[in-house]
Each structure stands twice: as structure tokens, then as C-alpha cells.
Amino acid sequence: MTIAASNLPVTRALLSVSDKSGVLEFAQFLHGQGVHLLSTGGTAKLLADNGVPVTEVSDHTGFPEMMDGRVKTLHPKIHGGILGRRGTDDVVMQEHGIGRIDLIVVNLYPFEATVAKPSCTFEDAVENIDIGGPAMVRASAKNHAHVTVVVEPADYARIQSEMEANGNCISPATRFDLAIKAFEHTAHYDGMIANYFGSRVADGTHEQPAAFPRTFNLQVRKQQDCRYGENSHQGGAFYVEPNAPAGTIATARQIQGKELSYNNIADTDAALECVRQFELPACVIVKHANPCGVAIAADILTAYDRAYATDPESAFGGIIAFNRELDGATARTIVERQFVEVIIAPSVSEDAANFISLKKNVRLLECGKLSGHIDQFDFKRVTGGLLLQHNDALLHADLKVVTEREPTTEEYGDLLFAWKVAKFVKSNAIVYAKDSMTIGVGAGQMSRVNSARIAAIKAEHAGLKVPGSVMASDAFFPFRDGIDNAAAAGIKAVIQPGGSMRDEEVVAAANEHGMAMIFTGMRHFRH
Ligand SMILES: NC(=O)c1ncn([C@@H]2O[C@H](COP(=O)(O)O)[C@@H](O)[C@H]2O)c1NC=O
């Protein structure tokens, strides 16, 4: 069966909105076009108070709104008017005095915003579950062959210009597009309600335990198709959450360059999340999801120079992130020095953009001010399921010096710096650092000792000296050998979570070598 797909003039519209922004102007326009307006209590009052002729839904149905608004539009004269098919249901509609409603303008009770308020009670949440609104939205989306549904004030202008241009008609394409949006809208809405209910114990108390929802509903919108996924034989696409915060890869604006690939997006996210931890001007260079060079300095050019110096070989084709505006001098140095895939910064000066434009393919992104936002959940696909965890939002528990020797002020600064970097290095992670820059990064090894060896090899390759550096380890040392090896390489101080059954041996080794050691009380595995 093909659904009728002609242009249909709008003669009657129903407006029932919680978010009343722009609705008065839109109603004035509709009235000006000769459209008969129906509306629910609050919306009708707003229109009538501003001189827009409107029929209250209760007058239309002959039934009052009741039960504190729980029942307003749930009536056959409304739902029949929305669901009636032209040519199929005309007789039955006439028989029951049901008039067609061609345009539905509805936005729902603000459930998400209500439950986000710390003072929200379970009863408040329940009363903010919209019933009549979603029923009308779903009915109109189902009957999109004959009805237009608008769920967002942002679409008023689009409907207005289409009606103006087409003699009050809205095209089948627009109706279908808005129907998709309507079902996305109600799916998201019910998903949020299910998450809220599902994270409460089903024992009648409605108390919220510190648990995960019984089902996990998340709606993400496709931002772009990628040319391919992680490899060229895999498809890929990038999806973002509604209301994704500023200062993230999800909301970054691409100023120039080739389209971002799947791997570019993943690596840029890793770089940006790492660089946002630092208060001083910082630069993080990422390759294959791992920081290969990180530095903080008085300005971002120095930070970049020093981050690059850690591992120039790996920085080739890397992703570079800054926590300050990208300036001309830094942009120029990058394009003159190295091949780079992506550069991202909170903002980009005109000079910087001009320098980068010399390399047409380089993807340049501006992400806006970096905030402290951290998503609540982190997830990982496993075959047939999803692993959900709270995000690794904290840096450390109490910092405890466990050795006879305290770290010097310089060592202390470098230890914290190295710890922040290690949090973003794949496990097992070992980071050597000195004077606020990475000296060597050992990532993703199955043994911690090998990660340490790799960090030392990296330093040697780059012509950097390990002696005098500090070391961060993302998890505890199971044996003293890691500390003995570090001391032999010239490491002076160590930061690690602690918590091994051989902590005593490990601390004794550090004391023997005259090292300082800090326990963070928190591990940062990253897989
Ligand atoms: N119960 C109903 O029949 C009903 N019909 C529409 N609503 C909602 O009432 C709100 C608008 O109310 P008002 O126009 O009174 O401010 C809209 O968010 C709309 O989705 C209803 N409210 C809740 O379900």
C-alpha cells in the first residue's frame, strides 16, 4: 500500500505546548493564514490574552480538562481528528462529528529537566510524565500521510516558510521528516522515564539506590557518516548525544581540512580529554589513542615544542590538542615542522587559521571553552552486550608519601603531572616525566616492566635523559623489580596507587634507592 503523498493545505491546527517560546508568533502566523486554532488550557490562555482567536480543546470536545491536567486531549474528537485517513475514514468522521486536524504543535512536559533538579521528588517526576502529548505526537506521526507534527519550536520557521510558499500546504517530504523526528522525540522521552524508574528498587519505596538502570536507554543522533570505520573494510559513523556539552569532540566545529575519520574522532577525543585536565597552557599529542607527548608550559608554543620533543617519530601524523587558543606562532611551527592529522583547541586565532590553511588537508577544530563536564557513564561493547561503568572522573584519593624521603617541590609537580598523563595512557601505563614534560611513555603492554622498558627506549630515541625524571604507574607494582629497574634508569621519584600485597617490599626498595614515593589510593586502568 502506498501512503497518499500529496501536498495538503492546513485548515485546523492544535497547539499544546509546555515550552511556549515562539508559539504566540507562530499562532499569529497560522491565524493570519486562516487556520482554525485549537488549544489546551495554558497555551489557549496565552494566545487569547494576546488577541489570537482560539478554541479551547474542552469546548471542541465538550469535555472539561480534568484531574489536574492528566486528561485534556485524550478524546476521540481529538484522536479521531488526527488519525482519520482522507478518503478512507471520511464517512465515519462525519457520522461522529469529528473534524480533521491537519497540524499538531506539541512539546511535552519537561520530564528530563524536572528529574535533573536535586529537589525533585518521585511524585514531581510522576506528574511530569506527559501522556496526552506523546499520544498526539505518535498519532500524527503515524498519520503523517495526512498530518504534520511539530515537536520543537526550532521548526516553526520552516513550517511558516513552506506554508507561505505553497498556499498553506506542507509537502509529504517535510511531513515524513517531522514524523521521524516525532518518533525520535517520544522514544527519547520514554527512554528517560524508563531509566528513571528503572534505577529505583521495585519494592514500592521508589528509593534510588546507587545502581545502574534495569534497562539502559540512550538516544544518540548521527552527526556524520565516516568514510569507513577503524579499518577500510568496516563502515563507521559518529553519533552524538542530545545536548552534548560545549568543549567536546561532539560539539567541536571543523574550520578546515578533510572529513574527520572514525580514528580521527576517537583520537581527538582522547587528546582533548587529556589536555582538559591541565590548568596551565598544555599540549597533548595522541597517536593510536595514546598520548605520545604531553607538556605544560607558560605558553602553548613551548608546551607544543616540549610535547613534540618526547617522541617526534610517533608525533608524525598525530592529533594535537591544546587547552588554550591556538595562536599564529604555534600554528606556524606545527605546519612547518610536522605532518599532523588533526589540531583541536578551544579557539583558533585568525593568524593560526591562516597558517593552517597552507596545509589544506589538516583538520582544524575549534571546540569552545573546555568545561569540567564528565559524562556519567562509560561503556564498552562486548559480544552480545554492553559493559557500563561510571566514568573515571576522579584523579586520586588522599596522596600519601610512603618513603623516608619526601619528594622535592619540583618532583612533586612532575609526579602529579605524570599521574594525570598516565590516567590517559592505555594499560599497563608507565610515564616518565621531568620539568613538566613527558620524557617517555610506555603504553598498552601486558607487563608493567615492559611498559617501563618502552618508556626508556622512547626517551633514548628522542635523545632525552631519564636520570632525574619521575615515574607514574597507572596501577601498583606487584614486585620490587619495577622499582629496582626504575632506580637503575635514574628515576628519582614514583607515583602509583599502592595496594599490592608486596607494598612493603616495594617501599623498602624505594627507600634503599633513596627515591620518594607517593601512593594515590586510586588506580587508573584504561583499556
Ligand atoms: N493529558 C492530556 O490529555 C494532555 N494533552 C496535552 N498535554 C500536555 O499539556 C501541555 C500543555 O498544557 P497547557 O497548554 O495547559 O500549558 C503540553 O506539554 C502537552 O503535551 C497533556 N498533558 C499530560 O498528559
Side-chain angles (χ1 to χ4, degrees), residues 12-28 30-31 35-83 98-99 101-117 120 122-143 147-156 159 178-179 181-194 196-197 242:
R12 184 181 284 117
L14 189 153
L15 297 89
S16 178
V17 292
S18 280
D19 174 0
K20 296 192 167 48
S21 50
V23 77
L24 175 60
E25 295 72 14
F26 189 44
Q28 281 164 337
L30 291 171
H31 170 65
V35 178
H36 175 210
L37 305 183
L38 295 174
S39 196
T40 46
T43 314
K45 183 171 183 328
L46 174 74
L47 305 191
D49 287 353
N50 285 280
V52 181
V54 57
T55 305
E56 286 226 26
V57 164
S58 51
D59 292 333
H60 183 72
T61 59
F63 247 86
E65 291 190 8
M66 57 177 75
M67 303 171 188
D68 300 321
R70 283 186 167 210
V71 178
K72 302 186 201 180
T73 53
L74 297 163
H75 191 282
K77 274 192 99 171
I78 299 300
H79 283 275
I82 298 171
L83 285 160
I98 296 172
I101 306 176
D102 315 295
L103 173 66
I104 294 293
V105 181
V106 169
N107 59 59
L108 309 178
Y109 287 174
F111 179 82
E112 221 179 330
T114 302
V115 298
K117 288 183 201 148
C120 173
F122 187 72
E123 287 67 32
D124 294 337
V126 167
E127 282 317 312
N128 273 281
I129 298 173
D130 201 321
I131 300 298
M136 289 192 288
V137 169
R138 297 182 77 251
S140 346
K142 172 170 174 155
N143 201 19
V147 176
T148 305
V149 54
V150 180
V151 294
E152 258 184 18
D155 285 317
Y156 297 164
I159 296 297
L178 291 171
K181 197 167 184 174
F183 281 125
E184 290 167 349
H185 196 65
T186 53
H188 174 67
Y189 195 77
D190 275 343
M192 293 302 105
I193 298 168
Y196 180 81
F197 271 46

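Counting convention: from 1, in listed order, for ligands and their atoms alike. Everything quoted here is computed from the prediction, not taken from an experiment.
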Participant: If the plane angle is over 60° it's perpendicular, under 30° parallel, otherwise tilted; pick one for Tyr156 and Phe26.
Facilitator: parallel

Participant: I'd like to check the ring pair (Phe, Tyr, Trp, His ring centres under 6.0 Å) partners of Phe183; sequence neighbours left out, ordered by chain and number.
Facilitator: none

Participant: Would you say the side-chain atoms of Asn107 pair up with the backbone N or O of Asp19, donor to acceptor, closer than 3.5 Å?
Facilitator: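 Answer holds: yes.
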
Participant: With a 4.0 Å cut-off on N to O distance, would you call Glu127 and Arg70 a salt bridge?
Facilitator: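 A salt bridge links Glu127 with Arg70.
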
Participant: I need the contact residues for ligand 1: any residue with a non-hydrogen atom closer than 4.0 Å to the ligand, ordered by chain then number.
Facilitator: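 These residues qualify: Ser16, Val17, Ser18, Lys20, Thr40, Gly41, Gly42, Thr43, Gly69, Arg70, Val71, Lys72, Thr73, Leu74, Val106, Asn107, Leu108, Tyr109, Asp130, Ile131, Gly132, Gly133, Met136.
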
Participant: So that I can tick it off, tell me whether Lys117 and Asp124 are bridged by a salt bridge, with the cut-off set at under 4.0 angstrom between side-chain N and carboxylate O.
Facilitator: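 Salt bridge between Asp124 and Lys117, a charged N being under 4.0 Å from a carboxylate O: no.
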
Participant: Using side-chain heavy atoms (C-beta onward) and a distance below 4.5 Å, is Val150 in contact with Leu103?
Facilitator: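 Yes; the side chains approach each other to less than 4.5 Å.
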
